[in-house]
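Written below as structure tokens is the structure these notes are about.
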Amino acid sequence: MFKPHDVRPLFPALERLQHGEPVVYLDGPGGTQTPRTVSAAMARVLDRGISNLGGSFATSRDADEITGAARRAIADLINATPAEIAFGQNMTSLTFAVSRALSRTWQPGDEIVVTRLDHDANITPWVMAAEEREVTVRWLDFLPEHGHDLDYAALDGLLTDKTRLVAVTHASNAVGTVVDVPRVVEASHAVGARVFVDAVHYTPHRLVDVEAIDCDFLVASAYKFFGPHTGFLYGRHELLAELEAYKVRPAPAEPPGKWETGTQSFESLAGVSAAVEYLASLGSPSTGEASRRVAIRSGMEAIEIHERRLTDAFLSAALSIGGVTVYGPTMSGANRTPTFAVDVAGLNAAEVQRALGERGIFVWSGHYYAVEVMRRLGVLESGGLVRIGFVHYNTSEELARVVNALDELSQSGT
Ligand SMILES: Cc1ncc(COP(=O)(O)O)c(C=O)c1O
């Protein structure tokens, strides 16, 4: 039996929901848990009643206050200003909205760059927009033999003075690679291209800093960082102001409101603020006047330390199981999230998912919309891989359950 001893117990601050049997929730769409403070904040809004923005009565003032608070929370989370934060249904919808708006400024013969490491939500919206505008799509590959990291050297060859946009992920939701986004941004800005960053997978694992990475746009989804199902868009204020948004006439003409279509989910926005407060609560207790950004930094550092331990423990155990292949960076100390694409010899990914599910371990199999990753790894046609993605609330006992289940399955598969 595998028993990790180097992973300390974690964050009792998260009061975990249990649904009958003890289960292991690993990350993935709808697969993370939310703290009770998040669900309580959302329930409060629904219980009290809420109205739309901009009215001179209590429930509308509440909606204004909740929306403003959520913008301030996300601004603290990613080091931006509240006026640069717009909310939407999810990352995919927001990316389609920006791709439509941005592509109006493109000319036939222009070029864009997308990567094979990205989730399809940061590929197809751009490819469709490019098709409409007769713009050439250039593909940046990743290198399985080099920790599944992007081929940065090839990027320089793809960028030209015609490149208008580079769409890149901050971290891979399939194999866990953390991308050197500042490097991509520097090279892209040098030719005058805008950079759109998908931070959906990165945000629950590491501190986002839009100022440090200097990107033009960034999107993420609160359900991945322990909040509700709502997405947010960051854009440099001047870009959000000058670009023409697809909006109805009575909607605000200025950012961020002009990027928000229809009525927002105010209960979700209350949950977004609570999720950010939760992340801020995970670090060392702040002293004196420390800002929420400082507390978030400390919380994310605690998450990173714990996740690195989980990563090392998982890798050393899983790599020693015969018949189990782990995709993604496998070097000790590699810059990666604790998300692993795994193959068990003799079983297809759906069978492994089912078998783990029967053992109360909830994981995804297939391509999880990272279609190009699976194609590049040569496993798309054969059913993809199983994704085992830990987050900060996973315990050493849970990790041991997962490893032991893989061990058992590898013996049944051979
Ligand atoms: C890396 C990445 N990008 C984008 C998405 C899409 O996010 P949403 O469901 O909010 O549209 C996901 C969802 O799993 C993801 O993991």
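Order of listing sets the numbers, starting from 1, for every ligand and every atom in it.
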Aromatic ring proximity [X]/[Y], centre distance under 6.0 Å:
| X | Y | value |
| --- | --- | --- |
| Tyr234 | Phe217 | no |
| Trp126 | Phe196 | yes |
| Phe390 | Phe314 | yes |

message = I'd like to know whether ligand 1 has Lys224 as a neighbour, heavy-atom separation below 4.0 Å.
response = yes
ask   = Taking non-hydrogen atoms only, is His119 closer than 4.0 angstrom to ligand 1 via side chain, backbone, both or neither?
value = side chain
query = ligand 1 versus Tyr369, non-hydrogen atoms closer than 4.0 Å: side chain, backbone, both, neither?
reply = neither
Report, in ascending order of atom number, the atoms of ligand 1 lying under 4.0 Å from any heavy atom of [X].
| X | answer |
| --- | --- |
| Thr92 | 6 (C), 8 (P), 11 (O) |
| Asn90 | 8 (P), 10 (O), 11 (O) |
| Asn173 | 1 (C), 16 (O) |

His201-ligand 1 polar pair, N/O distance under 3.5 Å = no
task = Report yes if some N/O of Ala171 lies less than 3.5 Å from some N/O of ligand 1; otherwise report no.
result = no
request  = Run the salt-bridge test on Glu244 and Lys258 with the 4.0 Å N-O cut-off and return the result as yes or no.
outcome  = no
Thr160 side chain vs Lys162 backbone, donor-acceptor pair below 3.5 Å = yes
request  = Scan side-chain atoms only and decide if Thr81 and Glu84 contain a donor-acceptor pair under the 3.5 Å cut-off.
outcome  = yes
